[in-house]
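This structure is a prediction, so every number in the text was calculated from the model and none was measured.
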Amino acid sequence: MTHVTEPATGRGDGPQHPEFEAAAAGGALDSEGPGSAHRYRNLVLGAIAILLLAMAMLTSYSSAFGNPTPNNVHLAVTGDAGAIVALEQQGSLDLTVVASEQQARSAVLDRDVDGAVILPAPGKGAGVTTYIASGGGRGLGQAVSGIGDSIAAKLQTTNTATDLAPLPKQDPVGSIEFYAILFAGLGAALGATVFGRILGTVDTAAKFVERSIVLVLYAGLLAGLITLWIDSALGAVTVGPWAVFGILWLTGVAIGGAVTGVAALGGTIAALVMTLALVILGNTSSGGPLGIHVLNDFFQTLYYVFPQGDALDLLRSVQYFDGAAVAAPIIRLSIWAVAGILLTLTAMLLRNRREAAARPKGGLRHEQGPRSVAGPSGSHLESAAGTPNAALLPLTPTP
């Protein structure tokens, strides 16, 4: 029997040029690659993209942290009713009137309010007492203390500020905990994006389990390294390091899981866009070392959109407030993690449905009846088989 083999050149499976593989992979790792085919066009587009990213980060961070002023500050107040009425006229304050000084202190320590002001009775000659909590944000604590000073000046008396949650000497600005959350989130987001490129698309249950295990282990390693640094090297951990480790681990799983879900649904570009949004808007809307209530309304709204604010508040509650008000941040971080799982499963389901719809429904079915097309007869096949170069002759039906 004669077999006809198609020439290799006809299939087009050879390389286009000697460096095809390197060009397709972006160039060898020990060089910058062969360069773009449209050098100057892509140079201009790349430069514009980088400039826009730099300006977006500058605009976001300078708008959030450049001019911190009190905005929707929550205060517990008690004392002179007339002074309380005057305070209520200030639009930047959200007042909660309590019955005693002890209740005002408790409200601060329970994180129900940002600070407390004790107003003296008229004619008693006593001064104003202000309770602040720098652990909830150094800028916010300074703002509350400034409010107390302003009230005291109007009453022509003095103000005594007491810090109920002071920052440690090793972190007097409160920036280390902010950077811990920042890099835990950034590391988790970049890790999730890179893992997607290395491990491939999550399209089966086995790959879903694999990616979940990798993400959880990586987030734990990242959290452990950050905790080890800020505790052993910087001495900025005021409680047991395992509590800080758990918060950073939850942060990494929540952000990494969400980015994994976005990547599964929209690909690597979507994951990078998500990472940029977390860096440009998520970090600034957390309030950073200043506190959320010295930001403008725009960033205070974004606080409820991105997870970094919850992670930072959770860390502060554990570090300085004996674990007060931790339920809400834990729930919102868990929602981010669950959302990532649901997005990944949804992408896997949609992909499997598309593949199932693209598969052939089965073999071809031939209709029976008078319109049926006749095939070649057996005698013709035998004759064709005995003819030289039979494989090259057309097969035609026998009349």
Looking only at heavy atoms, what is the nearest atom pair of Asn296 and Ser63, with distance? ND2-O, 4.0 Å

Take Arg138 and Val173 through the side chain to side chain contact (heavy atoms under 4.5 Å, CB included) test and state the conclusion after the steps. CA-CA 6 Å; Arg138 183 171 181 267; Val173 182; 4.2 Å; yes

Salt bridge (Lys or Arg N to Asp or Glu O under 4.0 Å) pairs touching residues 173-192, sequence neighbours excluded, are Glu177-Arg316

Would you check if Val294 and Thr69 make a side-chain contact, meaning some heavy-atom pair closer than 4.5 Å? no

Shared ILVMFWY cluster between Leu109 and Val73, side chains joined below 4.5 angstrom? no

Whether the side chain of Thr227 engages the backbone of Trp242 through a donor-acceptor N/O pair (distance < 3.5 Å, no angle test) should be reported. no

Within the 4.5 Å heavy-atom criterion, are Leu167 and Pro172 side-chain neighbours or not? no

What closest approach, in Å, do Ala83 and Leu119 show between heavy atoms, and which atom pair accounts for it? CB-CD1, 3.5 Å

Is there a side-chain contact between Gln300 and Asn71 (heavy atoms, below 4.5 Å)? yes

Under the side-chain hydrogen bond (donor to acceptor under 3.5 Å, both in side chains) test, which residues partner Tyr179, sequence neighbours left out? none

Is atom CG of Asp322 surrounded by more than 12 heavy atoms (other residues, nucleotides or ligands) closer than 6.0 Å? no

Nearest 0.5 Å, please: how far is OG1 in Thr129 from CZ in Arg105? 10.5 Å

Quick one: list whatever passes side-chain hydrogen bond (donor to acceptor under 3.5 Å, both in side chains) with Thr238, sequence neighbours left out. Gln319

Phe183-Leu314 co-clustered via ILVMFWY side chain contacts under 4.5 Å: yes

Do you know which two heavy atoms are closest between Gly291 and Leu140, and how far apart they sit? CA-CB, 4.4 Å

hydrophobic_cluster_shared for Phe299 and Leu58, side chain cutoff 4.5 Å: no

Side chains of Val128 and Leu155: does their closest heavy-atom pair fall under 4.5 Å? yes

For residues Ile181 and Leu290: do they belong to one hydrophobic cluster (side chain heavy atoms under 4.5 Å, members Ile, Leu, Val, Met, Phe, Trp, Tyr)? yes

Let me have the donor-acceptor pairs involving side chains of residues 251-274, under 3.5 Å, with sequence neighbours excluded, atom names and distances please.
residue, atom, partner, partner atom, Å
Thr251, OG1, Ile247, O, 2.8
Thr260, OG1, Gly256, O, 2.8
Thr268, OG1, Arg197, NH1, 3.3

Rounded at 0.5 Å granularity, tell me how far OG in Ser100 sits from CD1 in Ile118. 8.0 Å

Nearest-0.5 Å distance that lies between atom OG in Ser175 and atom CG in Leu182: 11.0 Å

Do Val244 and Leu315 have side-chain heavy atoms sitting under 4.5 Å apart? yes

Do Asp114 and His293 have a side chain donor and acceptor closer than 3.5 Å? yes

Taking C-beta and beyond as the side chain, do Pro168 and Tyr320 meet within less than 4.5 Å on heavy atoms? yes

Same cluster (ILVMFWY, side-chain, under 4.5 Å), Leu164 and Val117: no

Between side-chain atoms of residues 332-343 and protein atoms elsewhere (two or more places apart, or another chain), which donor-acceptor pairs fall under 3.5 Å?
residue, atom, partner, partner atom, Å
Arg332, NE, Asp310, OD1, 2.6
Arg332, NE, Asp310, OD2, 3.0
Arg332, NH2, Asp310, OD1, 2.7
Ser334, OG, Ile330, O, 2.8

Find the distance between CG (Asn283) and OG (Ser60) and round it off to the nearest 0.5 Å. 8.5 Å

Decide yes or no for Gln308 and Phe178: does some side-chain heavy atom of the first lie under 4.5 Å from some side-chain heavy atom of the second? no

Contacts of Thr130 meeting side-chain hydrogen bond (donor to acceptor under 3.5 Å, both in side chains) (sequence neighbours excluded), chain-then-number -> Asn159

Closest approach of Ile151 and Leu87, non-hydrogen atoms and distance? CD1-CD2, 3.3 Å

For Thr346, enumerate each residue passing the side chain to side chain contact (heavy atoms under 4.5 Å, CB included) test, keeping only those at least two apart in sequence or located in another chain. Leu350

Excluding sequence neighbours, so at least two apart, what forms side-chain hydrogen bond (donor to acceptor under 3.5 Å, both in side chains) with Ser285? none

One pair to check against side chain to side chain contact (heavy atoms under 4.5 Å, CB included): Lys207 and Leu199. What are the steps and the verdict? CA-CA 8 Å; Lys207 287 187 177 181; Leu199 299 178; over 6 Å; no

Atom CG of Leu302 and atom CD1 of Ile280: how far apart are they, to the nearest 0.5 Å? 12.0 Å

So among Leu217, Leu215, Val216, which one has a side-chain contact (heavy atoms from CB on, under 4.5 Å) with Ile213? Leu217

Non-neighbouring partners of Tyr218 that pass ring-ring contact (aromatic ring centres under 6.0 Å, His included), sequence neighbours left out: Phe195

Please report the shortest heavy-atom distance between Phe321 and Val108, naming the atom on each side. CE2-O, 3.8 Å

Taking only residues two or more places apart in sequence or in another chain, which ones pass salt bridge (charged side-chain N to carboxylate O under 4.0 Å, His left out) with Asp163? none

Atom of Val98, atom of Gln103 and distance for their closest heavy-atom approach: CB-OE1, 3.7 Å

Side chains of Arg111 and Ser317: donor-acceptor distance under 3.5 Å anywhere? yes

Once salt bridge (Lys or Arg N to Asp or Glu O under 4.0 Å) is applied, what residue pairs with a partner in residues 269-290 remain, sequence neighbours excluded? none

Could you tell me whether the side chain of Thr193 and the main chain of Ala189 form a donor-acceptor pair under 3.5 Å? yes

Once you measure the plane-to-plane angle for Phe245 and Trp249, does it fall in the parallel (<30°), tilted (30-60°) or perpendicular (>60°) bin? tilted

More than 12 heavy atoms from other groups under 6.0 Å of CZ on Arg39: no

Keeping Asp203 on the side-chain end and Met348 on the backbone end, is there a donor-acceptor pair under 3.5 Å? no

Which pairs count as salt bridge (Lys or Arg N to Asp or Glu O under 4.0 Å) when at least one residue sits in residues 289-301, sequence neighbours excluded? none

Do Asp94 and Asn72 touch side chain to side chain, with heavy atoms closer than 4.5 Å? no

Rounded to the nearest 0.5 Å, the OG1 atom of Thr78 sits from the CD atom of Gln102 at a distance of 11.5 Å

